Q: 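I'd like to ask some things about the structure below.
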Amino acid sequence: MNDTTTETTPSNFIRNIIDADIASGKHQQVITRFPPEPNGYLHIGHAKSICLNFGIANDYPNATCHLRFDDTNPGKEKSEYIDAIKEDLQWLGFDWGENLHHTSDYFDQLYAYAVQLIKQDKAYVDSLSADDIRLYRGNLTAPGKNSPFRDRSIEENIDLLERMKNGDFAEGEHLLRAKIDMAAPNINMRDPAIYRIKNMSHPMTGNKWHIYPMYDFAHCVSDAIEGITHSLCTLEFEDHRPLYDWFLDELKTPAHPQQIEFSRLNLDYTVMSKRKLHELVEGGYVSGWDDPRMPTLSGMRRRGYTPNAIKDFCSRIGVTKKDNIIEMSVLENSLREDLGEHAPRALAVLDPIKLIIDNYPDDKEEILSGVNHPKKPEEGTRDIPFSKELYIERSDYMDDAPKKFFRLTEGREVRLRFAYYVTCTHVVKDDNGNVTEVHCSYDPETRGGKSEDGRKVKGTIHWVSVKHSVTAEIRQYDRLFSVPAPALEKEQDYKDFINKDSVDILQNCQLEASLAHANMSAYQFERQAYFCQDSVDSKPGALVFNRIVTMRDSWAKKK
RNA sequence: UGGGGCGUGGCCAAGCGGUUAAGGCACGGGGUUUUGAUCUCCGCAUCCCAGGUUCGAGUCCUGGCGCCCCAGCCA
């Protein structure tokens, strides 16, 4: 079967570079890597990077993509995040095969390289305080100045580093720095830190180390050790590339990967930074990392997003160096396309109101037949029970409706999907004027929803049989923020823009009987939206469905 | 008056000096339709600005303007 979401990945400037590298013979085989820090959950922005890196590995001959946990900061990282990250990657359908690595796998080699730098007089142990180092660094327009410890002897530096490693010092007492240029216009080149003392154990290496390498040093060396050919990262590391290259040139590593930067993904009406996501979780603004409103992969999975929709989205947005904010509609389009093709259809009434067919026999029941997918007859049909009393959507009836309202109002005929034509005769209201019952008469000649006389019935509405329907809770989700770019609001904190109506819980929804044993990952409740059972709260007999995404609704737009 | 990037329609994004500037999303309109869904047809930019080079520039040069990133012993 042809899957619409696995069409050829569009090219981009990075693939063009790789193509050229292969054509020139610079590389025979391509190796990329996805290097998450295990300090939080993956989000849709990571998916862009994942699809780029693993996508390249999938598309080029003999290419691979390594998964490498960048675990150089035991103060922030936890192994529980490692498991979550692996799960998300597998869910998306990517496979790192044998290539599971940790930066901590290279701690011994990293240390040896650091000693080598000292021996080359390209690194030194600084004993300035953190505050003084900041002062000595200068600022954006003023050059920095050399630390008084910059000219320690090689022997002393090696000895000090050794003792730092062994835990002889307190955190902050010493720092191993590269010896580059304190006047460099690029601040990253002003003697950046290589190793800092952290007297804490590490999830992978236990208590072996009292020093841990910094990103700039560890990342390029790890890439080189693994023979990565193209090290793809986001734009904010562009300024770090000279340092990336400096380390590898000084150390004469066996390989020198090429760092290429691209712009990170921004989606409107949400936030994408790990810091903010942490804050939403820890501040209780959402129910957890997997809250269905979160842009995390775990949240989107629980919400009902599909891996194919996410991958299709990533291929549509492209890869460039331009800052961007992608509209949610692009993601939703990818989702609807996938769900529309794969989700079986069902009838469900979210806001029920009774419809009584006065001329239908009181005790009669019929079993009608509904197609599971209008475009795929091979998916068959299902039985739908019908009787005198039905539930329909409250919004499908209106007093004094305009001509263009193709639903129920007194005197108007509509089709009950898969069932009969019914004509509204009158309604019953309560003391407040709210409609409590819609009364209709039906035409027995229209069983199945069609008539012999060719009469046109413009409107078709969904329904369930009162006697047969099952009750469910439905959680209708909407955008988490009320403004397109909450993180860019200068005057106020992004949390001030959390959408108070981002979830709307309906308790008394009535679903067609077959849904009591729902076992598909997603359904389309016809005319409304796509839904999935909530993976944590839905139980047999106490069903909970999440609204994944609504149907397009051109009628709602006109109103 | 430091350094590094970016600037093609509402949002993305092709374009690599030479037909009327791809495509997607969004939007507007027509048709089909037992989901106001789907499907389908149509419409929708002269490329940040100003000079210049050239027979010819979104693509090259010069000068502006605008936006983003960098002063963690975070990544």
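To find a chain, count down the sequence lines: A is the first, B the second, and so on, and within it residues start at 1. Computed from heavy atoms alone, side chains included, the values below leave out hydrogens, waters and symmetry copies. Quick caveat: nothing in here was measured; it's all calculated off a predicted structure.
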Q: Are side-chain N/O atoms of Ser263(A) and Asp323(A) paired as donor and acceptor at under 3.5 Å?
A: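 Their side chains do not contain a donor-acceptor pair, so the 3.5 Å distance test is not met.
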Q: Does a nitrogen or oxygen in the side chain of Arg196(A) sit under 4.0 Å from OP1 or OP2 of C74(B)?
A: yes
Q: Just checking Ser263(A): base, sugar-phosphate only, or nothing, at a heavy-atom cut-off of under 4.0 Å?
A: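 The residue Ser263(A) makes no contact with any strand.
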Q: By the 4.0 Å heavy-atom rule, please label Ile317(A) as base, sugar-phosphate, or nothing.
A: sugar-phosphate
Q: What is the distance, to the nearest angstrom, from the CD1 atom on Ile194(A) to the P atom on A75(B)?
A: 13 Å
Q: Which nucleotide, if any, forms a Watson-Crick or G-U wobble pair with A26(B), using both distances under 3.5 Å?
A: none
Q: Report yes if the side chains of Arg264(A) and Leu235(A) come closer than 4.5 Å at any heavy-atom pair, otherwise no.
A: no
Q: Would you classify Pro374(A) as touching base, sugar-phosphate or nothing, given that sugar-phosphate means primed atoms plus P, OP1 and OP2, and contacts are heavy atoms under 4.0 Å?
A: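 It contacts base atoms.
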Q: With rounding to whole Å, what would you report as the distance between G24(B) and C65(B) at their P atoms?
A: 38 Å
Q: Quick check on C39(B): is either OP1 or OP2 less than 4.0 Å from any side-chain nitrogen or oxygen of Lys375(A)?
A: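 For Lys375(A), the contact criterion (side-chain N or O under 4.0 Å from OP1 or OP2 of C39(B)) is not met.
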Q: To the nearest Å, how far apart are Arg190(A) CZ and G3(B) P?
A: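 Going from Arg190(A) (CZ) to G3(B) (P), I get 11 Å.
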Q: Can you tell me how far C1' in G56(B) sits from the matching atom in U19(B), rounded to whole Å?
A: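 To the nearest whole Å, 13 Å.
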Q: Can you tell me, in whole Å, how much space there is between the P of A37(B) and that of G29(B)?
A: 13 Å
Q: Give Lys321(A) one of three labels, base, sugar-phosphate or nothing, depending on what nucleic acid heavy atoms sit under 4.0 Å from its own.
A: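 Here Lys321(A) touches the backbone only, sparing every base.
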Q: Roughly, in whole Å, what's the span from CG in Leu331(A) to P in G24(B)?
A: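 One finds 18 Å between P of G24(B) and CG of Leu331(A), rounded.
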Q: Taking atom P of C12(B) as reference, at what distance in whole Å does atom CG of Asn266(A) sit?
A: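 For the pair Asn266(A) CG and C12(B) P, the rounded distance is 9 Å.
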Q: Counting only side-chain nitrogens and oxygens, does Arg527(A) get under 4.0 Å of the OP1 or OP2 atom of U33(B)?
A: no
Q: Taking G58(B) as the reference, what is the distance to U46(B) when you measure between their P atoms (whole Å, please)?
A: 12 Å
Q: Of the non-hydrogen atoms in Cys509(A) and Leu350(A), which two are nearest, and what is the gap between them?
A: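 Reported closest heavy-atom pair: SG-O, 3.5 Å.
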Q: Under 4.0 angstrom, heavy atoms only, what part of the nucleic acid is His240(A) near: base, sugar-phosphate, or nothing?
A: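 Base contact.
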Q: Under the 3.5 Å rule, do the base of G10(B) and the side chain of Glu327(A) count as making a donor-acceptor pair?
A: yes
Q: Which residue lies toward the 5' end of RNA chain B, Phe418(A) or Tyr215(A), if each is placed at its nearest nucleotide?
A: Phe418(A)
Q: Taking all heavy atoms of Asp181(A) and all of Asp191(A), pick out the closest pair and write down the distance.
A: N-OD1, 3.3 Å
Q: Does A13(B) have OP1 or OP2 sitting under 4.0 Å from an N or O in the side chain of Thr320(A)?
A: yes
Q: For a quick test of reading the model: is some side-chain N or O of Arg552(A) closer than 4.0 Å to OP1 or OP2 of A26(B)?
A: yes
Q: Send over the distance from Leu488(A) CG to C11(B) P, rounded to a whole Å.
A: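 Those two atoms, CG and P, are 14 Å apart.
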Q: Which part of the nucleic acid does Asp239(A) contact within heavy-atom distance under 4.0 Å: base, sugar-phosphate only, or nothing?
A: base
Q: Counting only side-chain nitrogens and oxygens, does Lys557(A) get under 4.0 Å of the OP1 or OP2 atom of C27(B)?
A: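 Yes.
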Q: Using only modelled atom types and a 3.5 angstrom limit, is any donor from either the side chain of Arg241(A) or the base of G4(B) paired with an acceptor on the other?
A: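 Counting by modelled atom types and ignoring angles, no donor-acceptor contact under 3.5 Å is found here.
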Q: Under 4.0 angstrom, heavy atoms only, what part of the nucleic acid is Leu243(A) near: base, sugar-phosphate, or nothing?
A: nothing
Q: Is there aromatic stacking of Trp555(A) against G36(B), centre distance under 5.5 Å, plane angle under 30°?
A: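 Answer is yes, a stack.
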Q: Quick one: does Trp209(A)'s side chain get under 4.5 Å of Lys165(A)'s, heavy atoms only?
A: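 Touching, per the 4.5 Å side-chain cut-off.
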Q: Under 4.0 Å between a side-chain nitrogen and a carboxylate oxygen: does that hold for Asp59(A) and Arg15(A)?
A: yes
Q: What's Phe405(A) touching, base or sugar-phosphate or nothing? Going by heavy atoms closer than 4.0 Å.
A: base
Q: Could you measure between the two C1' atoms, the one in G9(B) and the one in A21(B), and give it in whole Å?
A: 11 Å
Q: Whole Å only: how far is the OH atom of Tyr530(A) from the C1' atom of U38(B)?
A: 8 Å
Q: Looking across every strand, which nucleic acid part, if any, lies under 4.0 Å from Ala130(A) by heavy atom: base, sugar-phosphate, or nothing?
A: base
Q: Can you tell me how far C1' in U54(B) sits from the matching atom in G18(B), rounded to whole Å?
A: 12 Å
Q: What are the two closest non-hydrogen atoms of Leu511(A) and Ala348(A), and how far apart are they?
A: CD2-CB, 3.6 Å
Q: Using a heavy-atom cut-off of under 4.0 Å over every strand shown, decide if Gly340(A) touches base, sugar-phosphate, or nothing.
A: nothing
Q: Between Asn324(A) (CG) and C69(B) (P), how many Å, whole number?
A: 13 Å
Q: Assign Arg407(A) to base, sugar-phosphate, or nothing according to its heavy-atom contacts below 4.0 angstrom with the strands shown.
A: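 Base contact.
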Q: Checking one value: the base orientation of G72(B), syn if chi is within 90 degrees of 0, otherwise anti.
A: syn
Q: With a 4.0 Å cut-off on heavy atoms, is Asn333(A) in touch with a base, just the backbone sugar-phosphate, or nothing at all?
A: sugar-phosphate
Q: In Watson-Crick or G-U wobble terms, both distances under 3.5 Å, what is the partner of A75(B)?
A: none
Q: What heavy-atom pair brings Arg345(A) and Leu339(A) nearest, and what distance separates the two atoms?
A: NH2-O, 3.9 Å
Q: Give Ile326(A) one of three labels, base, sugar-phosphate or nothing, depending on what nucleic acid heavy atoms sit under 4.0 Å from its own.
A: sugar-phosphate
Q: Students often get this wrong, so: under 4.0 angstrom with heavy atoms, is Tyr195(A) touching a base, only sugar-phosphate, or nothing?
A: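 The residue Tyr195(A) makes no contact with any strand.
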Q: Checking contacts here: which listed nucleotide (A75(B), C25(B), G2(B)) is nearest the side-chain heavy atoms of Pro185(A)?
A: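 The answer is G2(B).
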Q: Out of Leu160(A), Asn157(A), Ile118(A), Asp126(A), which residue meets the side-chain contact (heavy atoms from CB on, under 4.5 Å) rule with Leu176(A)?
A: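 Result for side-chain contact (heavy atoms from CB on, under 4.5 Å) with Leu176(A): Ile118(A).
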Q: Whole angstrom is fine here: how far is it from CD in Glu337(A) over to P in G24(B)?
A: 11 Å
Q: Taking C-beta and beyond as the side chain, do Ile44(A) and Tyr305(A) meet within less than 4.5 Å on heavy atoms?
A: no
Q: Would you say G3(B) has OP1 or OP2 under 4.0 Å from some side-chain N or O of Thr141(A)?
A: no
Q: Base of G4(B), side chain of Asn186(A) - is there a donor-acceptor contact under 3.5 Å?
A: no
Q: Sort out the partner of C67(B) for me: Watson-Crick or G-U wobble, both distances under 3.5 Å, none otherwise.
A: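 G5(B) is the nucleotide pairing with C67(B).
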Q: In whole angstrom, give me the gap between the C1' atoms of C47(B) and A57(B).
A: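 Straight-line distance between the two C1' atoms is 11 Å.
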Q: When you compare U38(B) with A26(B), how far apart are their P atoms, in angstrom units rounded to a whole number?
A: 9 Å
Q: Do Gln524(A) and U35(B) share a donor-acceptor pair, side chain to base, under 3.5 Å?
A: yes
Q: Does U35(B) have its OP1 or OP2 closer than 4.0 Å to a side-chain nitrogen or oxygen of Arg345(A)?
A: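 Indeed not, no polar side-chain atom of Arg345(A) lies that close.
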